[in-house]
Peer 1: 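Would you mind keeping the following structure in view while I ask a few things?
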Amino acid sequence: MIPVCPWSSEVLNQLDPSHRNKFPAVLTTQLALDRRCVTLLKPRTAGNSSSFLQQALEEVHSEEWARRSSDGDLTDCEFHKERCALTQTEVVYQQPPPFCPLPLAQCFETVHANEIVSHLEELKGVITSTDGNILKLDSTKKITKKLAGGIADTATWMTNVGNEFGQVLNCVLTTGEGAGLDDLCQGIVKRYKDAGEPEPVVIYVDRDCCSETGVTQVLTWFRPWKVTVRLDVFHFMRRFTAGLTTEHHPLYGTFCSKLSSCIFEWDKEDIARLKEAKRATGTNQLVAS
């Protein structure tokens with residue numbers, strides 16, 4: 001017989017989703033974890049880590065073990081000892097089974113990863129079905145500075161492509177600004193082509209929005225699209241604030257606020273609809289126009 005990992009996708013993919021969902025646990029090579037515990041690992045909020053879940057479950061298990069050992073076994077032994085005293089029978093009781101500690105938090109992380117891998121095709125379908133009429137291409141260093149462990153200092157830039165709904169279409173980690181973006185953008189172009197979606201109306205960028213030849217670097221990445229490329233308004237404002245001495249100046253926020261009011265204008269129809277909605281809900285506080 002050839003040993004096979006019980007969580008191997010080659011084995012699990014032979015079953016249809018309805019039968020796979022009947023399994024109450026997610027398996028690894030040595031251990032298993034209840035699916036309800038895996039569900040608790042999914043919301044990645046502040047303080048909800050694998051270590052926290054492992055400690056919480058171990059506390060619940062230890063309390064249950066202590067309750068059964070004291071309330072159940074000891075009480076039965078006391079009753080049995082009293083009955084044996086009448087017949088003057090000597091009895092010896094075994095110690096209750098010892099408490100079995102839970103596996104380490106790393107096991108929880110492994111099970112969580114195995115559960116995510118089982119939905120890999122579904123996740124790919126959800127991600128690759130995201131599109132939009134307005135795209136934004138932006139690079140940042142803030143994310144790469146938070147990398148720790150063995151992957152620290154392996155990337156210096158993170159480039160994201162988002163749409164007008166705040167959804168991220170794709171992202172890539174690179175060692176330099178602008179490196180590897182051709183494959184990223186061509187993947188977006190192929191996604192639109194395979195889905196039969198039209199080209200976006202405009203692409204906002206943080207740099208390279210202009211060119212002396214008339215064809216910007218962004219359009220060469222998104223070839224053969226012929227879309228409008230514009231500078232993002234945030235980085236447009238940063239062109240003005242670059243002349244200031246520091247962002248910590250007490251008037252820096254005031255300057256940006258006044259500059260924003262010179263660029264943006266509230267839509268009167270949207271303001272009227274918002275006021276009407278507030279009155280319909282019985283809210284006295286209205287937004288200032």
Side-chain angles (χ1 to χ4, degrees), residues 127 130-147 155-193 197-275 287-289:
I127 294 173
T130 305
D131 52 45
N133 294 323
I134 301 175
L135 300 185
K136 179 182 178 181
L137 180 67
D138 191 16
S139 300
T140 180
K141 284 185 176 181
K142 295 181 180 179
I143 302 298
T144 56
K145 292 180 179 179
K146 297 181 180 180
L147 298 178
T156 57
W157 286 90
M158 182 177 187
T159 303
N160 301 284
V161 180
N163 59 12
E164 67 270 27
F165 305 109
Q167 300 170 323
V168 178
L169 277 65
N170 208 342
C171 65
V172 62
L173 291 170
T174 59
T175 56
E177 187 177 13
L181 297 186
D182 187 80
D183 294 337
L184 170 70
C185 299
Q186 283 300 301
I188 299 295
V189 173
K190 184 177 183 301
R191 179 190 305 184
Y192 274 70
K193 181 179 179 181
E197 293 290 333
E199 299 179 2
V201 179
V202 61
I203 299 177
Y204 288 98
V205 295
D206 57 348
R207 58 190 295 269
D208 297 330
C209 59
C210 304
S211 175
E212 296 180 356
T213 61
V215 180
T216 66
Q217 181 69 25
V218 178
L219 288 181
T220 60
W221 293 335
F222 286 98
R223 59 185 183 277
W225 285 357
K226 304 295 182 183
V227 300
T228 303
V229 179
R230 297 184 183 276
L231 181 65
D232 181 71
V233 66
F234 172 76
H235 294 89
F236 174 74
M237 294 175 60
R238 293 294 297 267
R239 300 299 192 272
F240 289 92
T241 60
L244 302 179
T245 56
T246 175
E247 295 182 0
H248 301 287
H249 194 279
L251 296 179
Y252 180 84
T254 304
F255 175 78
C256 292
S257 177
K258 298 298 183 181
L259 181 61
S260 175
S261 62
C262 295
I263 299 175
F264 297 100
E265 182 181 0
W266 289 99
D267 189 284
K268 296 182 179 180
E269 295 182 359
D270 290 344
I271 292 296
R273 295 193 189 98
L274 180 59
K275 290 182 177 181
V287 294
S289 58

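Positions are given from 1, in the same order as the sequence printed here.
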Peer 1: Less than 4.5 Å apart, side chain to side chain, heavy atoms only: is that true for C209 and R230?
Peer 2: no
Peer 1: Does the side chain to side chain contact (heavy atoms under 4.5 Å, CB included) test come out yes or no for L181 and V172, once each step is laid out?
Peer 2: CA-CA 8 Å; L181 297 186; V172 62; 4.0 Å; yes
Peer 1: May I ask you to test the N133-E164 pair for a side-chain heavy-atom distance under 4.5 Å?
Peer 2: yes
Peer 1: Hey, does L137 have a side-chain heavy atom less than 4.5 Å from the side chain of T159?
Peer 2: yes
Peer 1: Applying the side chain to side chain contact (heavy atoms under 4.5 Å, CB included) test to T130, which of L169, V161, V168 qualifies?
Peer 2: L169
Peer 1: Which heavy-atom pair separates P224 from V189 by the least distance, and what is that distance?
Peer 2: CD-CG1, 4.2 Å
Peer 1: Rounded to the nearest 0.5 Å, what's the gap from NZ on K190 to CD1 on I188? Could you check?
Peer 2: 11.5 Å
Peer 1: A side-chain contact here means heavy atoms from C-beta on lying under 4.5 Å apart; do R239 and L231 qualify?
Peer 2: yes
Peer 1: Below 4.0 angstrom, N of the basic side chain to O of the carboxylate: do R191 and D131 qualify?
Peer 2: no
Peer 1: Give a yes or no on whether Y192 atom OH has more than 12 heavy-atom contacts from other residues, nucleotides or ligands under 6.0 Å away.
Peer 2: yes
Peer 1: Take the angle between the ring planes of W225 and F222 and call it parallel below 30°, perpendicular above 60°, tilted in between.
Peer 2: parallel
Peer 1: Evaluate side chain to side chain contact (heavy atoms under 4.5 Å, CB included) for N160 paired with D138, printing each intermediate quantity in order.
Peer 2: CA-CA 6 Å; N160 301 284; D138 191 16; 5.7 Å; no
Peer 1: Are the side chains of I134 and Y204 in touch, meaning some heavy atoms are under 4.5 Å apart?
Peer 2: yes
Peer 1: Using side-chain heavy atoms (C-beta onward) and a distance below 4.5 Å, is F234 in contact with R238?
Peer 2: yes
Peer 1: Output the distance between atom OG1 (T174) and atom CH2 (W157), rounded to the nearest 0.5 Å.
Peer 2: 8.5 Å
Peer 1: Check whether any side-chain heavy atom of P200 sits under 4.5 Å from a side-chain heavy atom of N163, and report yes or no.
Peer 2: no
Peer 1: Evaluate the salt bridge (Lys or Arg N to Asp or Glu O under 4.0 Å) criterion for residues D182 and R223: first the C-alpha distance (whole Å), next the side-chain angles of each, then the deciding distance (0.1 Å), finally the verdict.
Peer 2: CA-CA 9 Å; D182 187 80; R223 59 185 183 277; 2.7 Å; yes
Peer 1: Could you tell me if the side chain of V201 sits less than 4.5 Å from the side chain of T228, heavy atoms only?
Peer 2: no
